[in-house]
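Just so we're clear, the structure is a prediction, and the values are computed from it rather than from any experiment.
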Amino acid sequence: EAGVTQFPSHSVIEKGQTVTLRCDPISGHDNLYWYRRVMGKEIKFLLHFVKESKQDESGMPNNRFLAERTGGTYSTLKVQPAELEDSGVYFCASSFRTGLSASEQYFGPGTRLTVT
Amino acid sequence: DAKTTQPNSMESNEEEPVHLPCNHSTISGTDYIHWYRQLPSQGPEYVIHGLTSNVNNRMASLAIAEDRKSSTLILHRATLRDAAVYYCILLNNNAGNMLTFGGGTRLMVKP
(Lines give C-alpha, C1' and ligand atoms only; values in the text may rest on other atoms or scores of the structure.)
Protein backbone atom coordinates (compact mmCIF):
# COMPACT_ATOMS: atom_id res chain seq x y z
CA GLU A 1 0.00 0.00 0.00
CA ALA A 2 1.36 3.41 -0.96
CA GLY A 3 2.05 5.81 1.87
CA VAL A 4 1.37 9.51 2.05
CA THR A 5 3.09 11.29 -0.79
CA GLN A 6 3.98 14.94 -1.10
CA PHE A 7 5.04 17.01 -4.05
CA PRO A 8 7.41 18.67 -4.60
CA SER A 9 10.03 17.40 -2.21
CA HIS A 10 11.79 20.73 -2.32
CA SER A 11 10.78 24.15 -3.59
CA VAL A 12 12.85 27.30 -3.79
CA ILE A 13 10.97 30.51 -4.57
CA GLU A 14 11.49 34.21 -4.21
CA LYS A 15 9.67 36.34 -1.72
CA GLY A 16 6.35 37.44 -3.15
CA GLN A 17 5.90 34.43 -5.41
CA THR A 18 3.26 31.76 -5.09
CA VAL A 19 3.84 28.11 -4.28
CA THR A 20 1.41 25.22 -4.17
CA LEU A 21 2.20 22.10 -2.21
CA ARG A 22 0.36 18.88 -2.86
CA CYS A 23 -0.42 15.97 -0.60
CA ASP A 24 -1.87 12.60 -1.56
CA PRO A 25 -3.09 10.74 1.51
CA ILE A 26 -3.35 7.01 1.91
CA SER A 27 -6.33 5.72 -0.04
CA GLY A 28 -9.41 5.49 2.14
CA HIS A 29 -8.19 7.91 4.78
CA ASP A 30 -10.82 10.53 5.40
CA ASN A 31 -8.64 12.61 7.70
CA LEU A 32 -5.88 14.75 6.29
CA TYR A 33 -3.64 17.07 8.27
CA TRP A 34 -1.07 19.70 7.44
CA TYR A 35 1.81 20.53 9.77
CA ARG A 36 4.95 22.55 9.36
CA ARG A 37 8.31 23.07 11.02
CA VAL A 38 9.88 26.42 10.51
CA MET A 39 13.58 26.85 11.14
CA GLY A 40 14.60 26.00 14.69
CA LYS A 41 11.05 25.56 15.90
CA GLU A 42 8.84 22.64 16.78
CA ILE A 43 6.45 20.95 14.38
CA LYS A 44 3.16 22.87 14.43
CA PHE A 45 -0.32 21.87 13.37
CA LEU A 46 -1.88 23.90 10.55
CA LEU A 47 -5.23 22.35 9.73
CA HIS A 48 -7.32 19.21 9.57
CA PHE A 49 -9.68 18.04 6.83
CA VAL A 50 -12.35 15.42 7.21
CA LYS A 51 -13.03 14.42 3.66
CA GLU A 52 -13.42 17.73 1.83
CA SER A 53 -14.43 19.78 4.88
CA LYS A 54 -12.11 21.80 7.06
CA GLN A 55 -12.56 20.40 10.55
CA ASP A 56 -10.03 22.63 12.24
CA GLU A 57 -7.94 25.38 10.72
CA SER A 58 -6.87 26.99 13.95
CA GLY A 59 -3.19 26.58 13.14
CA MET A 60 -3.19 28.44 9.84
CA PRO A 61 -0.84 31.39 10.37
CA ASN A 62 -2.58 33.99 8.21
CA ASN A 63 -4.66 34.51 5.10
CA ARG A 64 -1.69 34.03 2.81
CA PHE A 65 -2.21 30.31 3.31
CA LEU A 66 -5.05 28.51 1.54
CA ALA A 67 -5.71 24.81 1.85
CA GLU A 68 -8.13 22.85 -0.27
CA ARG A 69 -9.20 19.27 -0.59
CA THR A 70 -11.55 19.05 -3.50
CA GLY A 71 -13.43 15.78 -3.69
CA GLY A 72 -11.97 14.62 -0.43
CA THR A 73 -8.91 13.04 -2.00
CA TYR A 74 -5.66 14.93 -2.43
CA SER A 75 -5.05 18.30 -0.82
CA THR A 76 -3.17 21.42 -1.82
CA LEU A 77 -1.66 24.11 0.34
CA LYS A 78 -1.06 27.38 -1.44
CA VAL A 79 1.11 30.15 -0.07
CA GLN A 80 0.49 33.48 -1.76
CA PRO A 81 2.51 35.65 -1.54
CA ALA A 82 5.33 33.79 0.14
CA GLU A 83 7.37 35.51 2.81
CA LEU A 84 10.81 34.67 4.17
CA GLU A 85 9.35 33.36 7.44
CA ASP A 86 7.37 30.75 5.51
CA SER A 87 10.54 28.77 4.90
CA GLY A 88 10.48 25.38 6.53
CA VAL A 89 9.30 21.84 6.05
CA TYR A 90 5.61 21.22 5.42
CA PHE A 91 4.30 17.82 6.40
CA CYS A 92 1.06 16.18 5.43
CA ALA A 93 -0.47 13.31 7.37
CA SER A 94 -3.55 11.17 7.03
CA SER A 95 -5.49 8.86 9.29
CA PHE A 96 -8.28 6.38 8.88
CA ARG A 97 -10.57 7.34 11.67
CA THR A 98 -11.02 9.57 14.61
CA GLY A 99 -12.92 8.65 17.68
CA LEU A 100 -12.25 6.99 20.97
CA SER A 101 -8.58 6.36 20.53
CA ALA A 102 -7.74 8.44 17.46
CA SER A 103 -5.92 6.19 15.05
CA GLU A 104 -2.33 6.88 14.19
CA GLN A 105 -1.43 9.52 11.69
CA TYR A 106 0.75 8.55 8.76
CA PHE A 107 3.09 11.28 7.65
CA GLY A 108 4.54 12.06 4.28
CA PRO A 109 8.21 12.88 3.79
CA GLY A 110 7.50 16.60 3.75
CA THR A 111 8.10 19.44 1.33
CA ARG A 112 11.04 21.67 2.11
CA LEU A 113 10.13 25.22 1.18
CA THR A 114 12.84 27.83 0.88
CA VAL A 115 11.82 31.44 0.33
CA THR A 116 14.68 33.73 -0.71
CA ASP B 1 -3.55 20.66 25.68
CA ALA B 2 -1.77 19.03 28.56
CA LYS B 3 1.98 19.38 28.20
CA THR B 4 4.68 16.76 28.30
CA THR B 5 8.26 16.97 29.51
CA GLN B 6 11.04 14.89 27.98
CA PRO B 7 14.83 14.94 28.27
CA ASN B 8 16.45 16.75 25.38
CA SER B 9 18.70 13.85 24.49
CA MET B 10 19.71 10.34 25.47
CA GLU B 11 22.40 7.92 24.42
CA SER B 12 22.23 4.20 24.08
CA ASN B 13 24.45 1.39 22.96
CA GLU B 14 23.40 -0.75 20.06
CA GLU B 15 21.47 -3.90 20.98
CA GLU B 16 20.76 -2.66 24.49
CA PRO B 17 17.32 -1.67 25.80
CA VAL B 18 16.38 1.99 25.88
CA HIS B 19 13.92 3.59 28.26
CA LEU B 20 12.66 6.99 27.11
CA PRO B 21 10.79 8.82 29.86
CA CYS B 22 7.95 11.31 29.57
CA ASN B 23 6.29 13.31 32.32
CA HIS B 24 2.74 14.52 31.90
CA SER B 25 1.63 15.51 35.37
CA THR B 26 -1.41 17.50 34.15
CA ILE B 27 -2.83 14.68 32.04
CA SER B 28 -6.62 14.44 32.04
CA GLY B 29 -8.68 11.30 32.19
CA THR B 30 -9.47 11.38 28.48
CA ASP B 31 -5.94 12.05 27.24
CA TYR B 32 -4.30 9.26 25.29
CA ILE B 33 -0.50 8.99 25.40
CA HIS B 34 0.97 8.81 21.91
CA TRP B 35 4.56 8.34 20.85
CA TYR B 36 5.93 9.32 17.48
CA ARG B 37 9.47 9.44 16.22
CA GLN B 38 11.19 11.31 13.45
CA LEU B 39 14.16 9.79 11.71
CA PRO B 40 16.55 12.13 9.94
CA SER B 41 15.10 13.69 6.78
CA GLN B 42 11.77 11.90 7.17
CA GLY B 43 8.32 12.74 8.38
CA PRO B 44 7.22 11.72 11.86
CA GLU B 45 6.31 8.07 12.32
CA TYR B 46 3.77 6.62 14.72
CA VAL B 47 5.27 4.32 17.33
CA ILE B 48 2.66 3.39 19.91
CA HIS B 49 -0.15 4.77 22.06
CA GLY B 50 -2.06 3.86 25.19
CA LEU B 51 -4.53 5.07 27.76
CA THR B 52 -4.03 3.28 31.06
CA SER B 53 -2.62 -0.17 30.49
CA ASN B 54 0.83 -1.04 29.24
CA VAL B 55 0.96 -1.67 25.52
CA ASN B 56 3.22 -3.69 23.28
CA ASN B 57 3.64 -3.75 19.53
CA ARG B 58 6.28 -4.79 17.07
CA MET B 59 8.18 -1.54 17.45
CA ALA B 60 8.16 -0.87 21.17
CA SER B 61 6.46 -1.14 24.53
CA LEU B 62 4.73 1.61 26.43
CA ALA B 63 4.73 1.51 30.19
CA ILE B 64 2.22 3.86 31.81
CA ALA B 65 2.48 4.79 35.48
CA GLU B 66 -0.48 3.89 37.65
CA ASP B 67 -1.33 7.55 38.22
CA ARG B 68 -0.76 8.21 34.50
CA LYS B 69 1.46 11.18 35.27
CA SER B 70 4.37 9.63 33.47
CA SER B 71 5.11 7.02 30.86
CA THR B 72 8.13 5.28 29.41
CA LEU B 73 8.73 4.17 25.87
CA ILE B 74 10.83 1.03 25.80
CA LEU B 75 12.87 -0.07 22.82
CA HIS B 76 13.92 -3.59 23.69
CA ARG B 77 17.05 -3.71 21.54
CA ALA B 78 18.20 -0.45 20.07
CA THR B 79 19.58 -0.50 16.57
CA LEU B 80 21.36 2.24 14.67
CA ARG B 81 18.14 2.77 12.74
CA ASP B 82 16.38 3.75 15.96
CA ALA B 83 18.40 6.95 16.16
CA ALA B 84 15.70 9.60 15.93
CA VAL B 85 13.81 12.26 17.83
CA TYR B 86 11.09 10.67 19.95
CA TYR B 87 7.99 12.67 20.78
CA CYS B 88 5.59 11.98 23.63
CA ILE B 89 2.22 13.58 22.84
CA LEU B 90 -1.06 13.73 24.70
CA LEU B 91 -4.11 13.47 22.50
CA ASN B 92 -7.60 14.30 23.64
CA ASN B 93 -10.19 13.38 21.07
CA ASN B 94 -12.64 15.81 22.59
CA ALA B 95 -10.27 18.64 21.73
CA GLY B 96 -9.53 17.61 18.18
CA ASN B 97 -6.99 15.25 16.72
CA MET B 98 -4.09 17.52 15.97
CA LEU B 99 -0.74 16.38 17.32
CA THR B 100 1.06 18.89 19.50
CA PHE B 101 4.78 18.27 19.14
CA GLY B 102 7.21 19.43 21.77
CA GLY B 103 10.96 19.27 21.54
CA GLY B 104 11.13 15.51 21.96
CA THR B 105 14.13 13.42 22.98
CA ARG B 106 16.96 12.98 20.54
CA LEU B 107 18.13 9.38 20.86
CA MET B 108 21.66 8.64 19.79
CA VAL B 109 22.65 5.00 19.34
CA LYS B 110 26.29 4.07 19.53
CA PRO B 111 27.60 1.00 17.72
Side-chain angles (χ1 to χ4, degrees), chain A residues 2-7 9-10 21 23-26 29-38 40-51 53-61 67 88-112, chain B residues 1-6 8 22 27-60 62 64 68 71 73 84-106:
Chain A
V4 176
T5 58
Q6 294 187 243
F7 181 84
S9 58
H10 194 178
L21 313 181
C23 168
D24 286 79
I26 292 172
H29 282 193
D30 287 341
N31 296 284
L32 187 149
Y33 309 81
W34 283 97
Y35 296 84
R36 76 171 180 176
R37 183 204 296 272
V38 296
K41 300 286 184 62
E42 298 163 354
I43 298 171
K44 295 291 188 186
F45 165 80
L46 295 179
L47 88 159
H48 169 204
F49 282 100
V50 177
K51 297 185 181 179
S53 299
K54 292 175 184 174
Q55 181 78 9
D56 180 353
E57 51 184 330
S58 61
M60 295 288 265
V89 182
Y90 290 74
F91 294 104
C92 175
S94 70
S95 71
F96 174 58
R97 70 178 186 276
T98 58
L100 281 181
S101 71
S103 65
E104 57 265 35
Q105 295 183 21
Y106 295 85
F107 282 77
T111 292
R112 179 173 296 277
Chain B
D1 285 336
K3 292 186 184 284
T4 63
T5 304
Q6 299 177 253
N8 289 334
C22 181
I27 190 171
S28 74
T30 52
D31 284 332
Y32 283 78
I33 302 160
H34 284 243
W35 283 81
Y36 281 75
R37 71 180 185 179
Q38 187 175 21
L39 280 66
S41 302
Q42 296 187 26
E45 174 187 32
Y46 168 82
V47 178
I48 200 167
H49 78 278
L51 183 62
T52 57
S53 303
N54 295 344
V55 184
N56 299 294
N57 66 20
R58 63 175 180 82
M59 289 181 71
L62 177 60
I64 301 173
R68 299 210 324 128
S71 61
L73 179 71
V85 180
Y86 286 79
Y87 299 96
C88 170
I89 298 170
L90 299 184
L91 197 58
N92 187 327
N93 297 330
N94 296 329
N97 290 287
M98 78 285 279
L99 296 171
T100 303
F101 290 85
T105 296
R106 180 173 298 279

Could you give the distance from CE (B:Met98) to CD (A:Gln55), rounded to the nearest 0.5 Å?
9.5 Å
Could you state the interatomic distance from CZ (A:Phe91) to CD (B:Gln42), rounded to the nearest 0.5 Å?
10.0 Å
Is it true that atom NZ of A:Lys41 has more than 12 heavy atoms of other residues, nucleotides or ligands lying nearer than 6.0 Å?
no
How many angstroms lie between atom OG1 of B:Thr100 and atom CD of A:Glu42, to the nearest 0.5 angstrom?
10.0 Å
So, the part of A:Arg112 with a heavy atom under 4.5 Å from chain B: the answer is neither
Minimum side-chain heavy-atom gap A:Ile43-B:Pro44 below 4.5 Å
yes
Go through the steps to decide whether B:Tyr36 and A:Glu104 satisfy the test side chain to side chain contact (heavy atoms under 4.5 Å, CB included), and finish with yes or no.
CA-CA 9 Å; B:Tyr36 281 75; A:Glu104 57 265 35; 4.1 Å; yes
Please check this pair: side chain of A:Gln105 against backbone of B:Asn97, looking for a donor-acceptor N/O pair closer than 3.5 Å.
yes
Is the side chain of A:Tyr35 donor-acceptor paired with the backbone N or O of B:Leu99 at a distance under 3.5 Å, no angle test?
yes
Around atom CZ of B:Arg106, are there more than 12 heavy atoms from other residues, nucleotides or ligands closer than 6.0 Å?
no
